[in-house]
Amino acid sequence: MRRWGIGLVALAVLLTGSLADPARAAGYAPATVAFTFADDRINESSGVAAASLTPGVIFTHNDSGDAARFFAVGSAGQTLAIYTVAGAGAIDWEEMARGPASSGSGSSLYFADIGNNFRTRRVLTIYEVAEPVVVPGQDATLPIAATRHLSYEDIPHDAEAFFVHPVTRELVIVAKEVHGLSNVYVAQGTTLVRVATVPMPLAMTPGTTAALVPLGEMEITGGAINDAGTTIVLRTYVEALEWRVSDSYAATFAAAPARIALPKTTQGEAITYTPGGGLLTTTEGVRGPVHVLAPR
């Protein structure tokens with residue numbers, strides 16, 4: 001999604017939780033460029049996931065304006081294959097995730113058509129396809145394994161962060177709010193039920209209760225959960241925050257996160273965990289860089 005109203009505008013954010021406390025240290029080395037996307041068709045990388053069946057491969061898709069397709073990309077940035085999701089719509093694909101298949105067997109890729117810039121969409125859609133084994137040069141059309149149509153229990157929200165819990169298979173969406181107080185929703189049937197609220201006080205200093213924060217720098221643009229289900233990361237345009245998973249989403253996001261510096265890019269959008277326990281981020285734009293943060 002494009003950034004709206006970011007720049008000189010600022011607003012006051014009042015904190016009422018433990019995120020005002022000193023955050024724990026991040027367990028990652030500084031970001032380095034792994035590669036740049038070599039394919040000019042990847043012009044707005046908005047979601048990313050690391051493959052589990054094909055080592056060294058990532059999957060990514062474009063933001064709104066593209067077809068219902070995604071790309072398999074190799075370790076040098078080259079496109080290995082392009083996959084079309086048969087019968088899927090693509091109003092505003094903002095995020096994707098890899099997770100266990102909803103059927104109970106195998107690995108799936110989930111594509112979250114959850115962008116809602118003007119908060120007018122009442123029904124959002126998650127498409128699930130079986131994770132393909134990538135064969136270079138073999139493009140394919142994949143059938144939909146499952147489709148979920150979802151509506152928020154309160155009001156429509158814009159969102160760009162989505163993940164699938166690796167144990168419970170819960171579909172989780174984190175709203176994108178310019179004021180930084182973003183609700184966390186879990187799909188229960190066809191309803192997205194609020195289970196937590198996470199403030200994003202990027203400009204806060206320990207011990208303070210309010211600060212002026214540039215408008216937009218608290219907006220959540222991507223998220224992921226690791227394969228063990230033990231940590232959750234949410235990113236903004238400027239940094240990422242990581243939480244250790246507790247016994248509920250409310251308890252998880254009430255704790256102080258680790259703050260993770262991210263490199264300045266054109267428009268940082270997506271984040272995911274790597275098989276080795278690191279983080280990987282992408283940005284919108286043609287020939288966009290892909291950064292990795294290795295675990296310490």
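All values below were derived from every heavy atom in this structure, side-chain atoms included, with hydrogens, water molecules and symmetry-related copies excluded.
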(Q) Asn43 vs Glu284, test: side-chain contact (heavy atoms from CB on, under 4.5 Å). Steps then yes/no. (A) CA-CA 6 Å; Asn43 55 18; Glu284 291 192 357; over 6 Å; no

Q: Given side-chain contact (heavy atoms from CB on, under 4.5 Å), test Leu109 with Phe59 step by step and report yes or no.
A: CA-CA 9 Å; Leu109 301 178; Phe59 299 108; 3.8 Å; yes

Q) Would you say Trp243 and Val233 make side-chain contact, with heavy atoms under 4.5 Å? A) no

Q.
I'd like to know if the side chain of Asn62 reaches the main chain of Arg41, judged simply by a donor and an acceptor atom lying under 3.5 Å from each other, with no hydrogens or angles considered.
A. yes

(Q) Whether the side chain of Gln78 engages the backbone of Ala76 through a donor-acceptor N/O pair (distance < 3.5 Å, no angle test) should be reported. (A) yes

Q) Is the side chain of Arg259 donor-acceptor paired with the backbone N or O of Ala240 at a distance under 3.5 Å, no angle test? A) no

**Q.** Identified ring pair (Phe, Tyr, Trp, His ring centres under 6.0 Å) counterpart of Phe111 within the set Tyr127, Phe70, Phe162
**A.** Phe70

Q. So, for Leu293 and Ala29, which heavy atoms are closest and what is the spacing to 0.1 Å?
A. CB-O, 3.7 Å

Q | Side chains of Ser64 and Ile91 in contact at under 4.5 Å (non-hydrogen atoms) | A | no

Q.
Between Arg287 and Ala38 (side chain of the first, backbone of the second, donor and acceptor by atom type, cut-off under 3.5 Å), is there such a pair?
A. yes

**Q.** hydrophobic_cluster_shared for Leu124 and Val186, side chain cutoff 4.5 Å
**A.** no

Q) What are the two closest non-hydrogen atoms of Pro100 and Tyr110, and how far apart are they? A) O-OH, 2.6 Å

Q: Can you measure from CE (Met218) to CD (Glu239) and round to the nearest 0.5 angstrom?
A: 11.5 Å

Q) Below 4.5 Å, heavy atoms only, C-beta onward: do Ile232 and Phe253 meet side chain to side chain? A) yes

**Q.** Distance, nearest 0.5 Å, that separates CG of Leu279 from OH of Tyr28
**A.** 4.0 Å

Q. Should Tyr152 and Val198 be counted in the same cluster of Ile, Leu, Val, Met, Phe, Trp and Tyr side chains packed under 4.5 Å apart?
A. no

Q: Might you point out which heavy atoms bring Ala86 and Pro143 nearest each other, and give the distance in Å?
A: CB-CA, 4.5 Å

Q: Provide the closest heavy-atom pair for Ala68 versus Ala88 in the form atom of the first, atom of the second, distance.
A: CB-O, 3.6 Å

Q. Do the side chain of Asp158 and the main chain of Asn116 share a donor and acceptor less than 3.5 angstrom apart?
A. yes

Q: May I ask you to decide if Arg122's main-chain N or O and Ser151's side chain share a donor-acceptor pair within less than 3.5 Å?
A: yes

**Q.** Thr120 side chain near Pro156 side chain, heavy-atom distance below 4.5 Å
**A.** no

Q) side chain to side chain donor-acceptor pair (under 3.5 Å) between Glu128 and Ser102: does it pass, once the steps are laid out? A) CA-CA 8 Å; Glu128 177 188 352; Ser102 61; 2.6 Å; yes

Q: Check whether any side-chain heavy atom of Glu219 sits under 4.5 Å from a side-chain heavy atom of Thr236, and report yes or no.
A: no

Q: Measure the spacing between CG of Leu234 and NZ of Lys176 and express it to the nearest 0.5 Å.
A: 13.0 Å

Q) Are Thr281 and Glu269 close enough, and set up right, to give a side-chain contact (heavy atoms from CB on, under 4.5 Å), and what steps lead you there? A) CA-CA 8 Å; Thr281 69; Glu269 286 282 331; over 6 Å; no

Q) Side chains of Asp39 and Phe71: closer than 4.5 Å at any heavy-atom pair? A) yes

Q: Report the C-alpha separation of Glu242 and Ile260 in whole Å, then their side-chain angles, then the decisive distance to 0.1 Å, and conclude whether the side-chain contact (heavy atoms from CB on, under 4.5 Å) test is met.
A: CA-CA 8 Å; Glu242 186 180 54; Ile260 304 165; 3.9 Å; yes

Q. Can Ile144 be reached from Trp93 by stepping across I, L, V, M, F, W or Y side chains whose heavy atoms are under 4.5 Å apart?
A. yes

(Q) Quick check: is Leu142 connected to Ile82 through a chain of hydrophobic side chains (ILVMFWY, heavy atoms under 4.5 Å apart)? (A) no

Q | Shortest non-hydrogen separation from Glu94 to Gly115 and the atoms involved | A | CG-CA, 3.5 Å

Q. Linking I/L/V/M/F/W/Y whenever any side-chain heavy atoms sit under 4.5 Å apart, do Val290 and Leu80 land together?
A. no

Q | Tyr249 vs Glu170, side chain to side chain donor-acceptor pair (under 3.5 Å): CA-CA, chis, key distance, verdict | A | CA-CA 12 Å; Tyr249 291 108; Glu170 291 170 324; 2.8 Å; yes

Q. Are any of the side-chain heavy atoms of Ile114 and Ile173 separated by less than 4.5 Å?
A. yes

Q) Where does the angle between the aromatic ring planes of Phe37 and Phe35 fall among parallel (under 30°), tilted (30 to 60°) and perpendicular (over 60°)? A) perpendicular

Q) salt bridge (Lys or Arg N to Asp or Glu O under 4.0 Å) between Asp113 and Arg121: does it pass, once the steps are laid out? A) CA-CA 11 Å; Asp113 197 338; Arg121 295 177 64 188; 3.1 Å; yes

**Q.** Residues Ser52 and Glu131: side-chain donor-acceptor under 3.5 angstrom
**A.** yes

Q | Closest approach of Ile220 to Ala161 (non-hydrogen atoms, all atoms of both residues) | A | CG2-CB, 3.7 Å

Q: Measure the shortest side-chain to side-chain distance between Val123 and Leu150 over non-hydrogen atoms and say whether it is less than 4.5 angstrom.
A: no

Q: Determine which pairs satisfy side chain to side chain donor-acceptor pair (under 3.5 Å) with at least one residue from residues 187-200, sequence neighbours left out, and list them in order.
A: Asn183-Thr197

Q) Got a donor-acceptor contact below 3.5 angstrom from the Thr54 side chain to the Val57 backbone? A) no

Q. Rounded to the nearest 0.5 Å, what separation is found between the CD atom of Glu95 and the CG atom of Asp63?
A. 11.0 Å

Q. How far apart are the C-alpha atoms of Asp227 and Arg98, what are their side-chain angles, what is the distance that settles it, and do they pass the salt bridge (Lys or Arg N to Asp or Glu O under 4.0 Å) test?
A. CA-CA 9 Å; Asp227 285 341; Arg98 176 177 53 77; 3.3 Å; yes

Q. Do Ser46 and Glu44 get their side chains close enough for a donor-acceptor pair, meaning under 3.5 Å?
A. no

Q: Using the six-membered ring wherever Trp is involved, compare the ring planes of His157 and Tyr185 and label them parallel, tilted or perpendicular (cut-offs 30° and 60°).
A: tilted

Q: Any chance you could measure Thr266, atom OG1, to Tyr237, atom OH, to the nearest 0.5 Å?
A: 12.5 Å

Q) Counting only N and O atoms by type, is there a donor-acceptor contact under 3.5 Å from the side chain of Arg148 to the main-chain atoms of Ile126? A) no

Q | Ser45 and Thr60: CA distance, side-chain angles, deciding distance, side chain to side chain donor-acceptor pair (under 3.5 Å) verdict | A | CA-CA 6 Å; Ser45 175; Thr60 191; 2.7 Å; yes

